[in-house]
Amino acid sequence: MLSRELLREQSDRVRELLAGRGIGPEALDSWLELDQKRRSSLVELEDLKRRRNEASKEIGKVKQQGGDAAAQIEEVAQLKGRIAELESQVAGVETGLEEAELGLPNLPHESVPVGEDESANRIERVVGEPRQFDFEPKAHWDLGPELGILDFERGAKIAGARFTAYFGAGARLERALINFMLELHTTEHGYTETLPPFIVNSTALVGTGQLPKFAEDLFRLEGHDYYLVPTAEVPVTNLHGNETLEESQLPLRYAAFTPCFRAEAGSYGKDVRGLIRQHQFNKVELVHVATPETSWDELELLTANAEKVLQLLELPYQVVTLSTGDMSFASAKTYDLEVWLPGQEAYREISSCSNCTDYQARRANIRYRPAEGGKARFAHTLNGSGLAVGRTLVAVLENYQQADGTVTIPEALRPFMGGLEKIE
RNA sequence: GGAGGGGUGGCUGAGUGGUCGAAAGCACCGGUCUUGAAAACCGGCGUCGGUUCACGCCGACCGCGGGUUCGAAUCCCGCCCCCUCCGCCA
């Protein structure tokens, strides 16, 4: 959520920045109109209430002295009608304002390339080199079933399309990746591990920005205000919702493993094969809560921590700054980590690291009290995958495949695989 | 799922229809005193919104939402959350 002060006082700048995100000027203009209306009605309403309160006090006094307060009672009765009218009017305008505000995305940081879509993304760096194969590398959707470790048919049988069953070394590899990532982040990178609920309520989803606008992307439990988490960003960021932290506690850095559930509405026909786009996948998520002064440094740190996973696994990747048109709703700036997949001969997203500045903090009401005292301020929240586990497994299978169809286990993972060196 | 208890300011905790935004204590901030500190004493100390050049003024808020009343923290209705016991389970 953007602050009302900002929308009012810097409307031209906001209008321009929103345009970069594909939001037309009417969104802000209708908000400004409602805001104006709200304030003018409020002035009248509060004036009437003041008069009503005064009259009530007079009634109390008069009655205490045994007098007749009929005149004041009559006046209050008359005020009542107009007050009720204005109250419902203000409430309606307020609802409209809130709806409008919840529908506005965060403003992009000045360093974000302006553009309509991913074609405007900016490659920041390319790390590692794609391996040269002396045979035709296979895609994981062939490798996995051939090794007997991934079973797309049986996944579909028990759930449907975009669900997969893992077996044997495949299941173990997924678990090893989870443990490897969590160990790295909690020990070397100093994160606090957290294991949140995998189900959240709508308040949490509004807090991080998935609701109300993106309900169709979520799985909702029938008959409940419960949703399966689409990412650990939701439960973990909301952990401190409606809290005022002390500045000395910041930055908070959390690492969380959770499964993620996404309806993938509108992605029909996209990545239909393999593990790339599933309704359920595992992820180790990194979440930071920081002060405004440090959040941009925190974004670099978070991204570097996520990159470390790829480096230790010796997987080639590139880092991309998403353009204004490609960024997620709550983000002010996002780096995507894209890993090289030989089976597709392409870099594919494996992590998305964002600074949401105070946007989510406003929605979720996450504040902190400055060390020097004074009024509580909104914190900045950041999140990033560290990493998407299913896609990491894909990258391992495809990058470490051998000519004979076996897959070598990356050195860094072997301790988590009971010393296993090869899947065959 | 059943029965009971409870949600008041940072904390503890008064307050059952009228000047209550709310006693008191603690915590915190400022001052007096002191070589310094502590103690003692004095004063200050909620949030949000609106308005004002400003001082300030006004409105709202005692879990949330409705209702009764001239007037509600106090009465009524619905909901949420927490605690205890029973049942059921992991």
Side-chain angles (χ1 to χ4, degrees), chain A residues 1-9 11 31-102 195-207 211-212 220-227 235 238-250 259 358 361-379:
Chain A
M1 208 144 49
L2 305 170
S3 85
R4 290 186 172 180
E5 209 177 16
L6 178 75
L7 295 179
R8 266 177 218 143
E9 291 169 14
S11 50
W31 183 90
L32 287 167
E33 196 180 313
L34 284 173
D35 180 54
Q36 196 50 251
K37 198 171 165 191
R38 169 177 172 272
R39 284 188 290 162
S40 59
S41 299
L42 213 48
V43 169
E44 187 184 350
L45 173 63
E46 291 185 351
D47 190 53
L48 294 177
K49 281 187 171 178
R50 180 185 52 78
R51 179 57 208 147
R52 181 201 60 191
N53 292 346
E54 283 169 3
S56 280
K57 288 188 179 179
E58 287 167 22
I59 292 168
K61 271 184 199 155
V62 170
K63 285 201 166 177
Q64 233 165 21
Q65 294 163 4
D68 176 17
Q72 286 89 335
I73 291 177
E74 170 60 19
E75 185 187 357
V76 170
Q78 286 191 2
L79 287 171
K80 257 187 146 175
R82 182 63 183 149
I83 286 176
E85 202 176 297
L86 276 170
E87 261 181 344
S88 77
Q89 187 184 319
V90 168
V93 171
E94 181 63 41
T95 303
L97 275 174
E98 281 166 15
E99 274 170 18
E101 285 161 4
L102 291 175
L195 183 65
F198 302 162
I199 289 174
V200 292
N201 59 33
S202 56
T203 303
L205 287 155
V206 170
L211 287 180
R220 180 179 181 165
L221 302 196
E222 199 174 345
H224 299 271
D225 182 33
Y226 283 156
Y227 297 78
N238 280 288
L239 241 28
H240 295 289
N242 285 323
E243 287 184 23
T244 303
L245 303 157
E246 293 302 326
E247 181 170 353
S248 57
Q249 296 176 261
L250 303 181
D358 61 355
R362 282 179 194 284
R363 295 171 74 117
N365 191 24
I366 304 166
R367 298 179 300 164
Y368 73 96
R369 197 162 310 279
E372 67 270 21
K375 283 184 68 167
R377 306 165 71 198
F378 288 109

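Chain naming here is simple, since letters A, B, ... match the order of the sequence lines and numbering starts at 1 in each.
- Using a 4.0 Å cut-off between charged side-chain N and carboxylate O, A:Glu247 and A:Arg369 make no salt bridge.
- The distance from atom CG of A:Asn201 to atom P of B:C79 is 19 Å, rounded to the nearest whole Å.
- Contacts of residues 50-59 of chain A with RNA chain B (heavy atom under 4.0 Å): A:Arg50, A:Arg52, A:Asn53, A:Ser56, A:Ile59.
- B:G67 sits 11 Å from B:A72 when the C1' atoms are compared, rounded to a whole Å.
- At least one side-chain heavy atom of A:Ile59 sits under 4.5 Å from a side-chain heavy atom of A:Ile73.
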List the atom pairs, donor and acceptor, that lie under 3.5 Å between side-chain atoms in residues 77-86 of chain A and the rest of the protein, sequence neighbours left out.
| unit_1 | atom_1 | unit_2 | atom_2 | d |
| --- | --- | --- | --- | --- |
| A:Gln78 | NE2 | A:Glu74 | OE2 | 3.1 |
| A:Arg82 | NE | A:Glu44 | OE2 | 3.1 |
| A:Arg82 | NH1 | A:Glu85 | OE2 | 2.7 |
| A:Arg82 | NH2 | A:Glu44 | OE1 | 3.2 |
| A:Arg82 | NH2 | A:Glu44 | OE2 | 2.9 |

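- For the C1' atom pair drawn from B:G6 and B:G13, the interatomic distance equals 14 Å after rounding to whole Å.
- With both ends at atom P, the span from B:A27 to B:A39 equals 8 Å, rounded to whole Å.
- B:G18 and B:C70 make up a base pair, with Watson-Crick or G-U wobble contacts both under 3.5 Å.
- Rounding to whole angstrom units, CD of residue A:Glu94 and P of B:G65 are separated by 13 Å.
- Nucleotides B:A22 and B:G18 have their C1' atoms positioned 14 Å apart, rounded to a whole Å.
- Between A:Glu101 and A:Arg362 no salt bridge is recorded (no basic side-chain N to carboxylate O distance below 4.0 Å).
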Protein proximity profile, nucleotides 44-55 of chain B - base contact B, sugar-phosphate-only contact S, no contact -, cut-off 4.0 Å on heavy atoms
----SBSS----

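- By the 4.0 Å N-to-carboxylate-O rule, A:Glu75 lies close enough to A:Arg51 to be salt-bridged with it.
- Within the 4.5 Å cutoff, the side chain of A:Thr244 has no heavy atoms near those of the A:Tyr368 side chain.
- Residues A:Ala77 and A:Asp47 each lie close to RNA chain B; by heavy-atom proximity, the contact nearer the 5' end of the strand is made by A:Asp47.
- Heavy-atom neighbours of A:Phe198 CZ from other residues, nucleotides or ligands within 6.0 Å: above the threshold of 12.
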